[in-house]
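So the structure is just underneath, and the comments pick up after that.
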Amino acid sequence: MKRKKVKKLLSSPRLGSNVLVKGWVRTKRENKNIIFIALNDGSTIKNIQIVVDTASFKEDMLKDITTGACLAVTGKLVESQGQGQSFEINAKSIEIYGKSDPETYPLQKKGHSMEFLREIAHLRFRTNTFGAVFRIRHAMAFAIHKYFNGKGFFYLHTPIITGSDAEGAGEMFHVTTMDLKNMPRNEDGSVDFRNDFFGKETNLTVSGQLEGELGALALGDIYTFGPTFRAENSNTPRHLAEFWMIEPEMSFYDLNDNMDLAEEFVKYLIKYALDNCHEDLEFLNNMIDKALIERLKFVLENEFVRITYTEAVSILSASGKKWEYQVGWGRDLQAEHERYLVEEHFKRPVILTDYPKEIKAFYMKQNDDGKTVRAMDVLFPGIGEIIGGSQREEQYDRLLDRIKEMKLPEKDLGWYLDARKFGTAPHSGFGLGFERLILFVTGMSNIRDVIPFPRTPKNAEF
RNA sequence: UCCUUAGUAGCUCAGUUGGUUAGAGCGACGGACUGUUAAUCCGUAGGUCGUAGGUUCGAGCCCUACCUGGGGAGCCA
């Protein structure tokens, strides 16, 4: 007999048929003559109830069916006599693939704290919450490719190991094969990388954007979707040292086109989740965040507010609020300011544009006012900045001036400047933090709980 | 990195002004039970009180340092 997944079984049940299911025991309820097993195979958040007549099975075998054990069960699919489920399987045969010692198996029928489950991240997939989160995470990854493929974007693989130290997006992890206990030194005491694997200093990438731009300036529209690494000592529920980022880059897009794409993209993903992850979202809505589905629908149905940094500063100044950090043109907006705009003033996602050039990266296109750049930050309720992007500076001279002004290593950016030297074109792009998107879509509150094995300062378990 | 808060049984927690042998619920185990839904009822076992020092006749409780977690901030996606 061929094994059926529980999801398939429940969506198109053939009552009276004999079926084979395989999965892990979530709970077992025992009576004298009858045993009920809730079996889950991961295909859906729903369990299938296995009904066991104790007289028909060996007692020793039934004893080994404990929480966490893996079973293969054959039996007849029938309408359930009980209240909690529509269908159930009357077991004819049970094979135990893997026992699970109940004295040491850490998962109980009762709820656990997220902190405890994080310590047993290798087993937390077996809980309803993490099953739901990681099924949704998969659905979002799939939807990202579906969306871009449908729009004619090409998935570009930018390097994980980079020799470029110019992104300026944060502290980097070094990559080397040299003996850390005996590093060769130059006369001035600095490390001599000439005999290292790559013959130069290399790091893990903090962003694929610069390479992505090169792809866009030939292929038209590209996107990257891969891991990125930041060696920042950030200890917050919104930061990871290893996280996944989506970075589309589009030729001939100006900042408005860029904002249109960002808004359409995020809404597509939210709609995809609502359309395809209904059961998992329902569960999270009940157990994690009662306002989750309502909030997803609200974001889907309302236009994002678009205002300039300068307008935002006026709103904040006029708000009459007491700020911990002072508001003033030229200062970067702090979390409290962004939160006020999104959660109190507009009560919806906000896109802020045209920031002072001093607080933004070198590659952003300068406005004619000489003071601001064509940057955009998409701010979400509860998450803060979920997307950061800009129209890129496509004029060679202006870009070079900016590199010099900010004292960046000009010689290392020759390849990047070449894109402006030969057939430059207006272009734009943005970066979306994948885990921050998953936070928003699942209603989870800590980013460590939306990636299977989180990497954070002082933690690289598993 | 800074501020703040916490660490006691497998889990979630209580533990009074420093004072006998550190408690509960859940889970696990044993038993009972005519179809259960985090089943129910009866019973049993389970502890180096985060680590290392210190104060004291006496420390789970007070002091110091360190480790780890939570919340907030900064950096950002």
Side-chain angles (χ1 to χ4, degrees), chain A residues 26-38 46-47 49-55 63 66-68 78-85 88 90 100-120 123 127-128 167-171 206-209 224 227-247 262 287 324-325 332-339 359-361 377-380 383-389 430-440 445-451 456-459 461:
Chain A
R26 281 295 172 78
T27 64
K28 177 188 178 192
R29 291 178 291 274
E30 243 172 316
N31 285 7
K32 193 175 187 182
N33 304 319
I34 192 165
I35 295 173
F36 300 95
I37 299 164
K46 291 198 170 145
N47 303 323
Q49 174 158 282
I50 311 294
V51 184
V52 180
D53 177 6
T54 50
K63 237 178 195 159
T66 57
T67 307
V78 296
E79 221 165 294
S80 178
Q81 297 172 34
Q83 291 298 309
Q85 57 285 314
E88 63 193 19
N90 285 329
S100 172
D101 179 6
E103 303 258 18
T104 50
Y105 186 64
L107 293 171
Q108 309 172 3
K109 302 175 193 179
K110 241 191 126 188
H112 294 287
S113 69
M114 291 297 160
E115 292 77 24
F116 172 67
L117 291 171
R118 215 172 287 148
E119 288 172 16
I120 50 163
L123 295 171
T127 63
N128 286 330
E167 285 101 338
E171 289 294 312
V206 293
S207 163
Q209 180 200 314
T224 74
T228 43
F229 307 87
R230 306 266 168 101
E232 299 285 349
N233 191 10
S234 297
N235 295 283
T236 85
R238 294 179 306 282
H239 290 85
L240 290 165
E242 177 182 298
F243 65 101
W244 288 64
M245 191 152 61
I246 300 102
E247 295 179 291
M287 303 302 287
E324 195 178 327
Y325 289 86
D332 207 353
L333 299 180
Q334 303 299 317
E336 57 174 339
H337 308 135
E338 296 181 350
R339 192 164 298 146
I359 57 174
K360 287 293 180 185
D377 282 4
V378 181
L379 309 178
F380 260 43
I383 313 269
E385 186 182 341
I386 194 168
I387 286 176
F430 61 81
L432 168 68
F434 187 51
E435 284 76 17
R436 289 194 181 169
L437 171 81
I438 306 302
L439 273 183
F440 185 76
S445 49
N446 194 313
I447 203 162
R448 297 169 175 94
D449 299 327
V450 297
I451 188 167
T456 51
K458 299 280 185 291
N459 181 15
E461 290 301 309

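Chain letters run A, B, ... following the sequence lines, proteins first and then strands; every chain starts at 1. Keep in mind that what you see is a predicted model, and the values were worked out from it rather than measured. No hydrogens, no waters, no symmetry mates; every other heavy atom, side chains included, goes into these values.
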Determine the Euclidean distance between corresponding [atom1] atoms of [M] and [N]; express it in Å to zero decimal places.
N: A9(B); M: U4(B); atom1: C1'; result: 29 Å
N: A52(B); M: C57(B); atom1: P; result: 23 Å
N: A22(B); M: A14(B); atom1: C1'; result: 11 Å
N: U17(B); M: C76(B); atom1: C1'; result: 49 Å
N: A38(B); M: U12(B); atom1: C1'; result: 14 Å
N: G25(B); M: G72(B); atom1: P; result: 34 Å
N: U1(B); M: G58(B); atom1: C1'; result: 41 Å
N: G54(B); M: C11(B); atom1: P; result: 30 Å

Scan [X] against the nucleic acid and name what it touches under 4.0 Å (heavy atoms): base, sugar-phosphate only, or nothing.
X: Ile387(A); value: sugar-phosphate
X: Thr104(A); value: nothing
X: Ala335(A); value: sugar-phosphate
X: His239(A); value: base
X: Ile386(A); value: sugar-phosphate
X: Phe434(A); value: nothing

Do [X] and [Y] get their side chains close enough for a donor-acceptor pair, meaning under 3.5 Å?
X: Arg230(A); Y: Thr228(A); answer: no
X: Thr67(A); Y: Gln108(A); answer: no
X: Arg26(A); Y: Asn128(A); answer: yes
X: Asn33(A); Y: Asn31(A); answer: no

| request: Would you please name every residue forming a salt bridge (charged side-chain N to carboxylate O under 4.0 Å, His left out) with Glu435(A), sequence neighbours left out? | output: Arg137(A)
| request: Would you please name every residue forming a salt bridge (charged side-chain N to carboxylate O under 4.0 Å, His left out) with Arg118(A), sequence neighbours left out? | output: Asp449(A)
| query | Would Ile387(A) and Asp377(A) count as a side chain to side chain contact (heavy atoms under 4.5 Å, CB included) if you check the C-alpha gap in whole Å, the side-chain angles of each, and the deciding distance to 0.1 Å? | reply | CA-CA 6 Å; Ile387(A) 286 176; Asp377(A) 282 4; over 6 Å; no
What integer distance in Å separates [X]:[atom1] from [N]:[atom2]?
X: Ile438(A); N: A77(B); atom1: CD1; atom2: P; value: 18 Å
X: Leu439(A); N: C76(B); atom1: CG; atom2: P; value: 19 Å
X: Ile447(A); N: G70(B); atom1: CD1; atom2: P; value: 13 Å
X: Lys360(A); N: C75(B); atom1: NZ; atom2: C1'; value: 12 Å
X: Asn233(A); N: G74(B); atom1: CG; atom2: P; value: 15 Å
X: Phe116(A); N: G70(B); atom1: CZ; atom2: P; value: 15 Å
X: Glu338(A); N: A77(B); atom1: CD; atom2: P; value: 11 Å
X: Glu385(A); N: G74(B); atom1: CD; atom2: C1'; value: 14 Å

| Got Val450(A) and Leu439(A) here, is their nearest side-chain heavy-atom distance under 4.5 Å? |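 A side-chain contact under 4.5 Å exists here.
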| Is the ring centre of Phe243(A) under 5.5 Å from the base ring centre of A77(B), and are the two planes under 30° apart, so that they stack? |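 Stacked: centres under 5.5 Å apart, planes under 30°.
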Are there any protein N/O atoms within less than 3.5 Å of an N/O atom in nucleotides 67-69 of chain B, and if so, which ones and at what distance?
none

| remark: Heavy-atom nearest nucleotide on RNA chain B taken for Ala241(A) and for Glu336(A); more 5' hit belongs to Glu336(A)
| task | Would you kindly compare His112(A) and Leu240(A) by the position of their nearest RNA chain B nucleotide and give the one closer to the 5′ end? | result | His112(A)
Dump every N/O contact between nucleotides 43-46 of chain B and the protein below 3.5 Å, one line per pair.
none

For [N], take OP1 and OP2 only and decide whether either is under 4.0 Å from a side-chain N or O of [X].
X: Ser234(A); N: C75(B); result: no
X: Arg339(A); N: G72(B); result: no
X: Asn446(A); N: G71(B); result: yes

| message | Let me check I have this right: for RNA chain B, each base becomes ., (, ), [, ] or |, based on Watson-Crick or G-U pairs with both distances under 3.5 Å. What is the full string? | response | (((((((..((((.....[...)))).(((((.......))))).....(((((..]....))))))))))))....
| message | Could you check whether atom NZ of Lys46(A) has more than 12 heavy atoms from other residues, nucleotides or ligands sitting under 6.0 Å from it? | response |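 No.
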| If the sugar-phosphate is the primed atoms plus P, OP1 and OP2 and the base is the rest, what is the B/S/- string for nucleotides 27-37 of chain B, using protein heavy atoms under 4.0 Å? | SSSS--BSBBB
| So which heavy atom on Phe229(A) is nearest to which on Val206(A), and how close? | O-CG1, 3.1 Å
